[in-house]
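Right, one structure below, let's go through it.
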Amino acid sequence: MVIAILALQGAFAEHQQMLHLLGVESFLVRNLNDWNQKKDALIIPGGESTAIMKIMNDEGLTAPIRDAIRAGLPVLGTCAGLIMLDGAHLGTMNIQVKRNAYGRQLGSFYAENEFKGIGSVPMTFIRAPYIESVGEGVNVLSVVDDHIVAARQSNQLVCAFHPELTTDTRVHEYFIGMINAANN
Ligand code: GLN
């Protein structure tokens, strides 16, 4: 299994480190040449969604990535990566997102919360979004203070928090489970 990690901006190195810990091969995507390598899944990391969108457009990556996700490529989007999948960006996932949703005081915070199918998970939020509403086909996986912070729609998994910034590998393992199921 090999996982492509979008590396235009943000916390891509931490995802690669996490996959390395789990013994999963990965490569970084900065342009179309990188993207065209063989892959079983994609991770879109946290960072700044406006910057990621702009560079993605400049590199001609937007349409190929959208098409691949629509065709079923498993994708994990964390924080800004979650935003990238909403209707205002790639539009592959049936979610409405509120950006920088916790205001100045709560710009960054830590929580431990139930994640459906995993259990209690440490969650680091950094100027995070949350999901305001979900449409058909979206399964809510975690809710913190009445806000949806993780969800799945078939091949697409999103978290408002940063699983790659903790030592807990279970969200990545959950994603790897999705990839294995897609490959069988
Ligand atoms: N605030 C960022 C955005 O709106 C997301 C923050 C993050 O990825 N940690 O894109």
Side-chain angles (χ1 to χ4, degrees), residues 3-19 21 26 28-30 34-35 41-59 61-63 65-66 69 74-113 115 118 121-135 138 140-153 156-172 174-175:
I3 301 181
I5 304 172
L6 194 66
L8 304 177
Q9 193 266 339
F12 51 85
E14 291 81 355
H15 277 290
Q16 190 160 43
Q17 179 59 26
M18 193 57 114
L19 295 179
L21 274 176
S26 63
L28 300 181
V29 175
R30 296 201 159 90
D34 298 335
W35 173 252
L42 169 67
I43 293 178
I44 307 182
E48 198 51 53
S49 52
T50 315
I52 297 173
M53 194 71 222
K54 182 182 183 309
I55 306 170
M56 198 187 261
N57 282 335
D58 290 349
E59 292 295 333
L61 284 164
T62 307
I65 289 178
R66 179 186 285 132
I69 296 171
V75 60
L76 166 64
T78 59
C79 204
L82 174 160
I83 298 169
M84 293 302 299
L85 300 180
D86 80 359
H89 297 83
L90 286 169
T92 53
M93 206 168 163
N94 220 348
I95 52 173
Q96 256 206 314
V97 172
K98 187 169 166 61
R99 286 183 63 192
N100 302 322
Y102 301 92
R104 275 179 167 263
Q105 292 293 324
L106 285 177
S108 300
F109 64 101
Y110 176 84
E112 273 179 39
N113 199 73
F115 191 116
I118 299 182
V121 164
M123 300 181 175
T124 302
F125 294 86
I126 304 172
R127 289 173 46 76
Y130 62 70
I131 300 175
E132 282 182 312
S133 62
V134 301
V138 181
V140 172
L141 299 177
S142 186
V143 176
V144 170
D145 295 337
D146 288 336
H147 300 313
I148 301 169
V149 298
R152 176 174 174 184
Q153 180 180 346
Q156 306 180 73
L157 176 66
V158 288
C159 316
F161 58 94
H162 286 267
E164 78 287 6
L165 297 183
T166 66
T167 51
D168 193 305
T169 53
R170 287 173 299 161
V171 171
H172 287 79
Y174 179 100
F175 182 53

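Computed from a predicted model, the values in this text were never measured in an experiment. Computed over heavy atoms, backbone and side chain alike; hydrogens, waters and symmetry mates excluded. One-based numbering, in listed order, for ligands and for the atoms of each.
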| remark: Nearest heavy-atom approach of I52 to L8 is O-CD1, 3.8 Å

| If we only count N/O pairs under 3.5 Å, is H162 in contact with ligand 1? | yes

| request: Starting from atom 4 (O) of ligand 1, find the nearest protein heavy-atom neighbour and note its residue, name and distance. | output: R99 NE, 2.7 Å

| message | Would T50 count as a polar contact of ligand 1, with the cut-off being nitrogen or oxygen pairs under 3.5 Å? | response | no

| message | My understanding is that we take every heavy atom of each candidate and find the minimum distance to atom 1 (N) of ligand 1. Doing that for N100, I83, L82, I52, which one comes out nearest? | response | N100

| field | Heteroatom proximity flag, I126 to ligand 1, N/O under 3.5 Å | value | yes

| said: Please tell me whether T78 and H15 have a donor and an acceptor in their side chains that are separated by less than 3.5 angstrom. | reply: yes

| message | Quick check: A128 and ligand 1, any N/O pair under 3.5 Å apart? | response | no

| Nearest-contact summary for atom 7 (C) of ligand 1 - protein heavy atom, Å | C79 SG, 2.7 Å

| CG (D145) with more than 12 external heavy atoms under 6.0 Å | no

| query | Does ligand 1 have any atom that is closer than 4.0 Å to a heavy atom of G47? | reply | yes

| field | Distance (rounded to the nearest 0.5 Å) between H172 NE2 and Q17 CD | value | 10.5 Å

| message | Within the 4.0 Å heavy-atom shell around S49, which atoms of ligand 1 are there? | response | 3 (C), 4 (O), 10 (O)

| Looking only at atom types and distance, does a side-chain atom of Q156 sit under 3.5 Å from a main-chain N or O of T92, one as donor and one as acceptor? | yes

